[in-house]
Structure formats: structure tokens, C-alpha cells
Amino acid sequence: MKRFGYILVVVAVGIGSGAFAQDGKAPEKIDLSDGSMIVVDDTVIPLPLEIFASLDKLGQQNWGAVVGNRDVKRFPDRSRSALLFGLIVSDGFIAVQAKDSEAVKRIGRDVMDIAQALAVAPQVAKHANAVVLSADKEDWPSVRLELDRTRQTVLDHMRRNRDGEMAKLVSLGGWLGGTKALASILRGNYSAEGSDLLNQPDLVRRLKKDFEALSADAKEGQLFVKVEKTLQTLEDLMKPNRSGAISEKNVGQISSETDELVDAIYES
Amino acid sequence: MRVRFRGISVLLLLLVSSIAIDALAQDVESDRLHDGKLLAQQAAMSSLKGDDSFILRESWWNGTIVPGAAKLIQQQLFKRNEYQFWFAVPGREAVASISIYNSAGELVESEEVSFEESNVASTVVRPDSTGIYYLRIALTRKTEADEDWAVIYGWR
């Protein structure tokens, strides 16, 4: 295998002008409203750990307080199972952040249980087992990697089997779980600086658009009416003030809204 | 009766095998190595080692890009984190470029990481606020054909 020639560590990008084609520099400004711009239609949801890492740079947080410990029921409804799968994997990331090996091992088993309900168990088994084994050794980088692989393997498998709607619900569940934990931490220990991590109205708009595009069959029932309503509410609550922060009141409401929706997904 | 039962069993076995083979074929198809992704991953190796290394995401983007054209990828980034993106296409003649814009469409200051190979580009960004950013990928020199591209990213 050819080794990469790594010749220049860092070159500061100057403020360029003109188009790439003419002078090789990036244009200073692009018109995002230009309909001819080709925007890749694929939403990559940030991992909870990505967001938590930023918050930890402001000081140590009590992640152990937001590690979930719920009984996971199996539902015949695949859409609910897909949301639940995303939530459980997200709980795994929270347990990694809290370095709670017992919780990770429990979550690894829950992942397999819901994977069976979603008919993705063969794809998930290898990674879920690695999650449990790595948690036993408290090898947190490996747990994190295998959780990410678990999530991505399921998304890839669903997409290539024309089950893209379920993949979107898995992503939505994952985002919801991470947001719930983040809002809960910020609610208990509010800082304007930390609150900017909830500045996600554009991402919510994208998730809402994906959700609205789902077929009626994929979002049948009261739970999904609640999902749609909550996304709308969150989009409004996540709009920052002039300084870029989310108010303490809004953080509290985001926490309540996400708590209620997660409860509904687990319980209903 | 027994013969009939065995016949049904064989048919059932063939049907199940056919479904299993079909599923396996689909998995193999999708697991084929993507040249662009492989190049991007090779380029990323040096940033993924050491105490303060980037953490590579399993998620990635791919598609086809017309020579001379650009595409935008939307991504939520978080203040205080640092992100590195790698963009690669297989064609050795291609010159890949990558830059980052904020939600107002303004170029964001970032650090370009260069390689000997012109078909791989990378940049490091430290967002000064949390929000949606636009990754702009482009081939700055015309090649003969469209290119299959891949973008991967890591954070720390």
C-alpha cells in the first residue's frame, strides 16, 4: 500500500477571492440561497460525545447523573423500535462519557434486543459484543468506536435494504438522546457559554424536514404526532439570543420537552 | 406423503438460501472498498495517532462530482471543538479543494493541510460559534471524467 506523502503540516488559508476555477482560492462568500448550489442531501448527526467534549472543556460535568437505567420493552411497531434503537445507542455514549462500565454492558445487551426487533441483529452482533467486552476492560476508546460502528452499521444496512425511513428514525432517536442529556446537564448547571451547544435550530429544521418526508405508515400513531410537535417546539427554543446563548428558561424547557418525548418513546 | 413433505422442505430450503444469498450479496456489494474513502482514510492516519489525536467518525459522505464543479455539505459544528475534514477522489490528475463557510455563506478561517497527492485535500477548523457550517468541496482542475468523491471527518 502506498504511503501518503505528508509534505506540509499547516498552511493558513488566506481570505481568498474569486472562484476556484480561476485562481485556485476559495471564494470569500457563497450565496446559500442560490438554487444552483448542489447541497449533499445526507444529514450526519453529531455524536453525543462530540458535544459533551465541548462542554467538558468548560469544566467537569456530572455525566453519571444522566446515564439512563430503564427497562427496554420490545414493540411490534418498527418505527418506534427504530427511535428506541437510536436512543439506546445514545445512552451508550452517555455511559461512556460517565465511564460507567456496568451501564455500558447493560446497554450493549439492550442494543442486541432491539436489533432483533428491527431484524438487524446479525449486522449488530459483532459490534455489540465488542462494546460489552471493551466495557468490561474499561477500554473507553474501543467502546466509543464500537458504539459508533453499531450505529453506522445499522444505518448502512437499512439504507441499502431500502429501509431509509427507519434509518432516519434511528438518527432522530440518537440525536434526541444526546440532546436530552445535554439539556439536563445544562439545566442543573447553567452557563451562557455552555448553552450555545443547544444552538441547533438549523439541525432541528433538517431533522423535521426528514421526519415530515416520512410516509404516513412510518409515523402512524400519537407518539409520532408528539415527535412532530416536539421538533417544532425545539426549533423555536433553540434559537439563540443576540450573544449566541440559549436562555436559562429555554434550556429548562428544552430539557422538559426532550424528557417527555423520551419517556413517551420508552413507555408508550 | 413423505416425498411431498421432503419436496416442500427442499423448496423452502432453496427459498431461504436464495434470500440469504441475496442479503449477503447486497452486503458484499455495499462493503466494497470505496477508492475515495480509502484515500481519505490513508491521509487521515497521521492525525489519528498520539495523545491529542482526532477521533474519526464512522459516518462519511460520498457521491459523484463533475470536474470544475463544487458541492456543499451541511454539518453542525460545536464551539471549543476542533474538526478535521478530508476530501479525496481517485483520479490522480484531479486537484481537490476543501473550504468551510458559516451559515451566512462567509468563508471561515481554517488551516489547510496539504499532501503530495493533489487528489486529496484536508482542512482543520475551530468554529468560533456553534451552528451549521457548509463544507465546500471542489475539483479545481478539469479531469477527463466525473469523480467518485468521499469526505470523512474527525473531531477533538
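Remark: of the listed residues A/V40, A/V39, A/I38, A/V39 is the sole one forming a side chain to side chain contact (heavy atoms under 4.5 Å, CB included) with B/L72.
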Q: Test A/L203 against B/Q74 for side-chain contact (heavy atoms from CB on, under 4.5 Å), laying out the working first.
A: CA-CA 9 Å; A/L203 179 59; B/Q74 264 187 323; over 6 Å; no
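Side-chain contact between B/F78 and A/L55 is absent, with no heavy-atom pair separated by less than 4.5 Å. Side chains of A/L32 and B/Y101 form no contact here, defined as non-hydrogen atoms less than 4.5 Å apart. The side-chain heavy atoms of B/R80 and A/L197, taken from C-beta on, include a pair separated by under 4.5 Å. Between B/Q76 and A/I45 there is no side-chain heavy-atom pair separated by less than 4.5 Å.
If you tally non-hydrogen atom pairs under 4.5 Å between each of A/L58, A/L145, A/D31 and chain B, the highest count goes to A/L58. For the set B/S129, B/S122, B/A104, B/G131, the count of heavy-atom pairs under 4.5 angstrom toward chain A peaks at B/A104. Interface remark: of the candidates A/D41, A/L47, A/T43, A/L47 forms the most heavy-atom pairs closer than 4.5 Å to chain B. Here B/E58 is the residue among B/E58, B/R156, B/E106 with the most heavy-atom pairs under 4.5 Å with chain A. Ranked by heavy-atom pairs under 4.5 Å with chain B, the first of A/D202, A/D196, A/D42, A/L155 is A/D196. Interface remark: of the candidates A/T153, A/L49, A/L198, A/L49 forms the most heavy-atom pairs closer than 4.5 Å to chain B. With chain A as the partner, the residue from B/I55, B/I73, B/V124 showing the most heavy-atom pairs under 4.5 Å is B/I55.
What you find for A/A26 and B/L107 is that their closest heavy atoms are CB-CD1, 4.0 Å.
For the atom pair CD (A/Q152) and CH2 (B/W60), the distance works out to 9.5 Å, reported to the nearest 0.5 Å. If you take CG on B/N102 and CD1 on A/I30, they are separated by 9.0 Å, rounding to the nearest 0.5 Å.
A 6.0 Å sphere centred on NZ of A/K57 holds more than 12 heavy atoms belonging to other residues, nucleotides or ligands. Annotation for A/K29: atom NZ counts as buried by contact number, over 12 foreign heavy atoms lying within 6.0 Å.
Contact of B/Q75 with chain A is made through the side chain alone, with heavy-atom distances under 4.5 Å. Using a 4.5 Å cut-off between heavy atoms, A/R159 does not touch chain B at all. Contact of B/R57 with chain A is made through backbone and side chain together, with heavy-atom distances under 4.5 Å.
Judged purely by atom type and a 3.5 angstrom limit, B/K79 has no side-chain atom pairing as donor or acceptor with the backbone of A/S54.
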